[in-house]
*Asks:* 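Dropping the structure in here first, questions after.
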Number of protein chains: 2
Amino acid sequence: MAENRKSTLVLVAERAGVSIASVSRVLNGLPASVSVTERVQRAAEELGYVADATARSLKVGKTEQIALAVADVGNPVYVAMMHEISRVVTDAGYRLVVSSTGSDPDEQITLLSSLNRGYADGLILSPLRVTEPLIDQLGSSRLPIVVIGSLPADVELDSVRADSAAGMGLAIKHLAKHGRARIAFINGPVDTVPGAARLSGYTSAMHKRGMAMHGDLQVNADDFTFAAGLTATTTLLDQATPDAIVCANDLLAVAALKVMLKRGLKVPEDIALVGMDDTDIAELTTPSITSVNLGSIKRARTAAKLLIRRLADPDAPVKRVVIEPKLTVRESSVVTHDATETKRASAPPSSATAGHAEGGGAR
Amino acid sequence: MAENRKSTLVLVAERAGVSIASVSRVLNGLPASVSVTERVQRAAEELGYVADATARSLKVGKTEQIALAVADVGNPVYVAMMHEISRVVTDAGYRLVVSSTGSDPDEQITLLSSLNRGYADGLILSPLRVTEPLIDQLGSSRLPIVVIGSLPADVELDSVRADSAAGMGLAIKHLAKHGRARIAFINGPVDTVPGAARLSGYTSAMHKRGMAMHGDLQVNADDFTFAAGLTATTTLLDQATPDAIVCANDLLAVAALKVMLKRGLKVPEDIALVGMDDTDIAELTTPSITSVNLGSIKRARTAAKLLIRRLADPDAPVKRVVIEPKLTVRESSVVTHDATETKRASAPPSSATAGHAEGGGAR
DNA sequence: AGATTTCCTGTAAACGTTTACGAGAACGTT
DNA sequence: AACGTTCTCGTAAACGTTTACAGGAAATCT
């Protein structure tokens with residue numbers, strides 16, 4: 001059935017003995033007589049005809065493609081978000097083209113201008129750093145953009161962001177409730193959007209609870225990676241003796257866990273640990289890591305839906321969505337009773353792990 | 001500079017006072033007089049002109065897009081491969097559209113036929129299961145396809161695959177050399193391409209070394225996920241007492257590690273563990289996991305380059321590349337000397353971390 | 001039965017490029 | 001000075017669709 005020759009509308013038309021307009025109409029479900037419909041469908045079938053996407057795009061001015069630009073691939077949270085976005089957009093009939101820019105804002109700017117070449121109908125952008133020129137470029141884009149992350153208030157774009165300050169609040173509160181007093185914070189670079197937000201969340205949460213905040217308790221990793229987390233944790237533990245650590249990121253948390261275990265520290269007995277993003281890797285480790293769920297999946301889904309909505313209705317009012325954080329409590333932050341006797345005890349109770357909340361559905 | 005009106009060739013042409021042909025020529029670097037070149041460039045600049053990708057594609061018959069279809073997203077190894085592919089294709093001037101199909105071959109078939117709509121110039125496909133109809137569809141595709149994975153010999157397609165049988169060999173050899181005799185194998189579904197290959201690798205490697213092979217030592221997880229790994233490992237440890245476990249996958253290995261630690265088993269002392277794929281997560285855990293590096297990154301890069309080569313030269317001879325495996329030895333498979341006294345042992349030789357040497361059986 | 005509406009389908013233009021072709025202009029050659 | 005060659009640039013066709021428009025047949029109404 002499928003000929004390996006490219007088959008066009010005119011081919012089908014002459015085989016069916018009708019005009020190309022009729023073929024197009026039939027194939028697009030517009031009204032036509034039964035006889036024509038029949039003949040066209042048969043001809044199309046026999047030739048294995050499939051409409052050319054490029055020609056259609058040129059004519060109707062839509063590519064049915066959505067571009068996704070994430071700054072920091074490699075971070076599992078962005079991978080999870082990408083999957084979710086992929087699902088939503090393909091369900092809506094779009095293809096997803098991914099442009100993994102580096103964290104460099106300049107790359108994103110050139111990407112934005114290349115967007116104007118019209119290879120996609122819209123863009124979902126998750127910038128790590130937001131600079132002036134980037135904002136300018138964002139504002140002057142010809143086609144719809146949805147931003148995942150914080151944005152200055154005067155930028156008229158749909159956006160969805162996490163409330164990482166509130167998330168830090170949850171973490172601190174949880175740790176305080178379990179009697180931790182010297183809560184350290186391992187952050188990523190503070191000149192990034194998430195880095196800045198999480199730092200301010202930490203300081204304000206600590207302040208609000210009237211907890212001591214030595215500068216020694218706060219270190220910044222060079223970036224949000226595992227490797228950077230290793231050295232950051234080492235630095236921290238060399239300069240302070242916290243009874244809890246909260247990390248800006250699950251990768252950093254995993255690194256922290258590794259260093260602590262290496263040093264013979266018991267988690268959570270000696271030091272409690274809380275990560276952030278609630279990615280799959282948080283439940284892989286032993287002990288599994290309590291993590292602040294910043295709603296990555298939900299953010300991704302919302303962003304995708306926002307873009308699709310705007311594509312359907314360009315004049316819809318601008319929406320700014322904030323996703324509320326939750327805390328997923330795992331083993332790394334609370335001391336279980338039988339942990340004091342022996343470690344072997346805690347074999348899985350009935351099912352698998354004890355995790356809650358909607359993690360990234362690994363599939 | 002960038003007007004938010006769409007600007008076309010004719011706009012530029014009339015502003016520069018030349019024909020659209022001249023504009024096109026100048027912008028494509030074809031010879032033109034200095035005066036014309038100058039005027040066109042200035043006009044284009046002033047209007048913020050960018051050529052429309054769709055129109056260009058229609059005319060020249062190339063989309064400058066490459067499609068990537070991976071069956072099992074969520075598996076970190078495919079994520080890593082995707083990044084590598086993304087890098088290579090963008091460097092070559094292509095965009096990457098990702099279509100995350102499920103593991104269902106039918107999905108891949110519909111994807112293949114949709115490929116004929118011509119939204120991409122070529123496809124990189126990594127199928128989890130290879131069925132007859134899929135192969136048929138592969139063969140009759142109009143545009144170039146590179147397959148990551150094994151393929152029947154009579155399929156005339158560029159492909160690159162891992163030698164997972166050899167990889168299993170490396171793992172078994174390594175474990176045997178360190179005195180392990182009862183080596184268990186946790187596989188994924190055997191009706192998948194990697195599952196089948198790894199199983200045969202296991203049996204032949206065990207056989208070759210004349211090692212005992214009880215059926216009890218081999219279990220199949222329902223799929224290649226962490227969750228499936230947990231139950232599979234539980235099953236295994238309930239029915240046998242291996243002194244080593246090799247897993248078809250790092251995710252499975254991490255799951256195995258988790259279950260073993262939960263049961264109070266010491267890794268690698270009681271049971272050595274080897275994973276497969278050598279993904280990032282293998283070094284995140286404590287102990288970090290020895291893993292067979294099947295050259296995922298290299299496979300990805302090679303696949304991308306093969307496709308680009310074929311796009312440049314459609315008549316190039318078909319290439320089948322096999323990437324040789326290596327073994328990345330980490331903590332989970334070899335017992336370090338001073339591990340009996342204290343755990344601090346395996347700290348990096350020169351760098352920090354060495355300080356805290358607490359006595360006592362930290363685990 | 002004629003007039004009007006409705007339905008169907010073909011003709012042709014358009015989307016925004018690239019590019020083959022040919023007409024002049026500029027140049028060098030005899 | 002006439003001719004051939006090279007260079008530059010404009011005209012127009014083409015890529016494969018969708019769709020406005022109009023013409024003709026069929027159906028409905030008075």
*Asks:* For B:R320, give me all partners under salt bridge (Lys or Arg N to Asp or Glu O under 4.0 Å), at least two apart in sequence or on another chain.
*Replies:* none
*Asks:* To the closest 0.5 Å, what do you measure between CD (A:E64) and OH (B:Y119)?
*Replies:* 12.0 Å
*Asks:* I'd like to check the salt bridge (Lys or Arg N to Asp or Glu O under 4.0 Å) partners of A:D158; sequence neighbours left out, ordered by chain and number.
*Replies:* A:R309, A:R310
*Asks:* So what is the end-to-end bend of the helix from C:dA1-D:dT30 to C:dT30-D:dA1, with 5 pairs used at each end and the value given to 10 degrees?
*Replies:* 50°
*Asks:* Under the rule for side chain to side chain donor-acceptor pair (under 3.5 Å), what residues qualify as partners of A:S86, not counting sequence neighbours?
*Replies:* B:S100
*Asks:* Could you run through nucleotides 11-18 of chain C and give me one letter per nucleotide, 5' to 3': B if any protein heavy atom sits under 4.0 Å from the base, S if only the sugar-phosphate is that close, - if neither?
*Replies:* B--BBBBB
*Asks:* Who pairs with A:P127 by side-chain contact (heavy atoms from CB on, under 4.5 Å), at least two apart in sequence or on another chain?
*Replies:* A:Q108, A:L125, A:V130, A:L134, A:V147
*Asks:* Output the rounded distance in Å from CG (B:L30) to C1' (C:dA20).
*Replies:* 13 Å
*Asks:* For A:D121, enumerate each residue passing the side chain to side chain donor-acceptor pair (under 3.5 Å) test, keeping only those at least two apart in sequence or located in another chain.
*Replies:* A:T63
*Asks:* For A:D191, which residues count as a side chain to side chain donor-acceptor pair (under 3.5 Å) partner, sequence neighbours excluded?
*Replies:* A:R129
*Asks:* Would you kindly give the CD-to-P distance between B:E38 and D:dT8, to the nearest whole Å?
*Replies:* 15 Å
*Asks:* Enumerate, atom names and distances included, each donor-acceptor pair closer than 3.5 Å involving a side-chain atom of residues 24-31 of chain A, sequence neighbours excluded.
*Replies:*
none

